[in-house]
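Residue numbering restarts at 1 for every chain, and letters A, B, ... go by the order of the sequence lines.
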Amino acid sequence: VSTPIAAHVATATTTTAKAGSTVKPLEEFALRLGDDALITSHRLTEWLTRAPEIEDEVALANIALDQLGQARALLTVAGRSSNRTEDELAFGRTDEEFRNALLTELPNGDFADTIMRLLMFSTYQCLWYAELAECADPELAALAGKALTEVAYHRQYAETWTIRLGDGTAESHERMTRAVNDLWPFAGELFAQDELIEQLAAEGLAPDPAPVHGRWLEQVTEVLVNATLGPPPSGTWRPAGGRTGVHTEALSYLLSEMQSVYRAHPGASW
Amino acid sequence: MVTGARQAHAREADVQWARLAENRDQDVERGTRAERQGEASGRESGPQSGRRAERRAGPQSEAERAREAVGSVVDPELPYLTLEDLGVLGGIDVSAVGRVRVTVTPTFLGCPATAVIQRDIVTALHAHGWADAEVELAFQPPWTPDRITDRGRAKLAAEGYGIPARLGVGAMGPGAVGPGGATAGPVPVTIGSAPPMPCPQCGAADTAVLSRFGAAPCQEVRRCTACGEPFPALRPVHPTPTQTPAPATMVHPARTSGSRTA
């Protein structure tokens, strides 16, 4: 029941997000990382009761749980000066206020799509967190160092499955090839340079994305080649907008489900 | 249909299993329960806590008392271990006005047990007379199974858990044993080449990973290649993940290569 992923991009418009943000640059950065992790976590939990094997159900749930833990810590940082809790940020914002990359919000598709997205995303997280573990902000550095030990396992899981499916049957190979072609354009946004990243990089708070993107390309290509799927596609289409709140319609549906309880019972606790 | 011989065999296995379980219970009794009872009896020394009483005869600081109270709290996911055994406790400070602040290093960021641990610590401190208590989370240095104490390791082994051999301080210090036993300076250990994890049932050295993800974020599922028994194991956690180049400030004189993981 997979929907052609490109169809979801058509809804992304070129309008810019609301201006007038008073959030500190480092907190805006934490919001991006936290939203990436939160939306990834929610997509992975959609596999519960649907994974191909019990081991994979357990694996995907554990990966989702790690991502949720990272999201909670990052959103706590993100909401500090605006005095918003992690829950308010996760459940109280509209789609335009989310800052996750488009790659994370796309529908799960089939297992091949999910594995390919996880390979791209976890490789990005491994490289990004390794850099942030050395950044000038002690709190963010500690968080990144901790998260790094977790995402290494996510990447290993995705890599193992990529090779098994890419170098597997004719059908699994075909599905993986389609997944690479569909998802590849979205990876560019993870390493996009903008004013915020430039400013933070100048202060030693964020890495320069270009060299990290280079290493990412090297590592993912190596896995694709090992999986008989490579080299990656060469198109130049690079959809973006997630970092400024211009999302695909897929995020709106995801949020309406994820936020339904909170919106029905604001402020309720267990 | 089960034949008579099979039934007899099954009965014998049951008896053996019961005996084994009994031995384990006694081991745990000697460990955790004795500890818990000692704590449950509070600061007044019960009959079986003579050694403690002796130790307490000397001047014991408030921080030491608080550490004992907190250290004996049991982990909700691995109830055989106290928080002290698990190695998740950081500093414990008691202010002049009796306010206790405890630092905890969660095993994994998303571990659902963390909230329960925080609550249980506060409850334990309340029970020991500290009304004002709070728990802070710290992420540096990250928790690894290296931090499980020797006593904790013995208890886990008795419960049938595999435990990764210690890799040494941070696994990065000089002389750390890397893949293949090389000891040339700082050696990054990848998750693809895990430390030896012997079978908790038969002791055989050769065990294989069935799944890197298990019943809790800190666990994986393995199987012994000798006796065939599957078992839960504490997952090795290393500061240097596979294939991820560390930042430029770190040196890797003996970096291992290899792309495919087993």
Side-chain angles (χ1 to χ4, degrees), chain A residues 37 41 53-74 76 122-123 125-127 129-135 138-139 141-157 159-160 163 207 211-212 215 218-219 222-223 225-227, chain B residues 103 105-115 119 136-146 170-171 188-194 209-221 230 232 235-250 257-262:
Chain A
S41 172
E53 289 177 346
I54 185 76
E55 285 80 5
D56 292 294
E57 184 131 336
V58 170
L60 293 170
N62 268 293
I63 294 172
L65 194 58
D66 288 343
Q67 293 290 335
L68 188 63
Q70 292 165 23
R72 292 185 59 185
L74 286 162
T76 300
S122 61
T123 305
Q125 278 191 320
C126 280
L127 291 165
Y129 283 142
E131 295 285 334
L132 288 177
E134 302 286 304
C135 83
E139 186 181 26
L143 246 169
K146 177 73 183 164
L148 185 57
T149 63
E150 304 176 359
V151 295
Y153 276 107
H154 307 174
R155 185 176 185 281
Q156 193 194 42
Y157 176 80
E159 180 183 338
T160 306
I163 291 168
V212 187
R215 288 208 293 283
E218 230 168 74
Q219 292 187 7
E222 192 186 346
V223 178
V225 169
N226 279 342
Chain B
T103 307
T105 304
T107 56
F108 279 76
L109 280 175
C111 184
T114 308
R119 195 194 59 202
E136 260 185 1
L137 299 182
F139 304 121
Q140 276 296 335
W143 179 89
T144 81
D146 275 16
V189 182
T190 69
I191 58 175
S193 55
V209 175
L210 287 183
S211 173
R212 281 289 185 195
F213 300 90
C218 60
Q219 294 174 33
E220 62 184 18
V221 185
R235 202 157 73 155
V237 177
H238 307 301
T240 308
T242 182
Q243 283 200 345
T244 303
T249 48
M250 295 166 86
S257 62
S259 55
R260 287 200 191 199
T261 46

Report summary line: Pair count under 4.5 Å, heavy atoms only, with chain A: among B/Gly110, B/Pro106, B/Ala216, highest is B/Gly110
Query raised in the report: With respect to chain B, which residue among A/Ala61, A/Ala73, A/Gly69 yields the maximal number of heavy-atom pairs within a distance under 4.5 Å?
Result: A/Gly69
Query raised in the report: How about A/Leu65 and B/Pro217: do any of their side-chain heavy atoms sit closer than 4.5 Å?
Result: yes
Query raised in the report: What closest approach, in Å, do A/Ala141 and B/Gln140 show between heavy atoms, and which atom pair accounts for it?
Result: O-NE2, 4.3 Å
Query raised in the report: Is there a donor-acceptor pair under 3.5 Å between the side chain of A/Lys146 and the backbone N or O of B/Pro141?
Result: no
Report task. Over all heavy atoms of both residues, which pair between A/Gly145 and B/Pro142 is shortest? Give the atoms and the distance, please. Result -> O-CG, 4.2 Å
Report task. Taking all non-hydrogen atoms of both residues into account, name the closest pair between B/Leu109 and A/Gln70 and its distance. Result -> CD1-CG, 3.4 Å
Query raised in the report: B/Phe213 vs A/Tyr157 aromatic rings, parallel, tilted or perpendicular, using cut-offs 30° and 60°?
Result: perpendicular
Report task. Enter the distance from A/Asn62:CG to B/Cys111:SG here, rounded to the nearest 0.5 Å. Result -> 9.5 Å
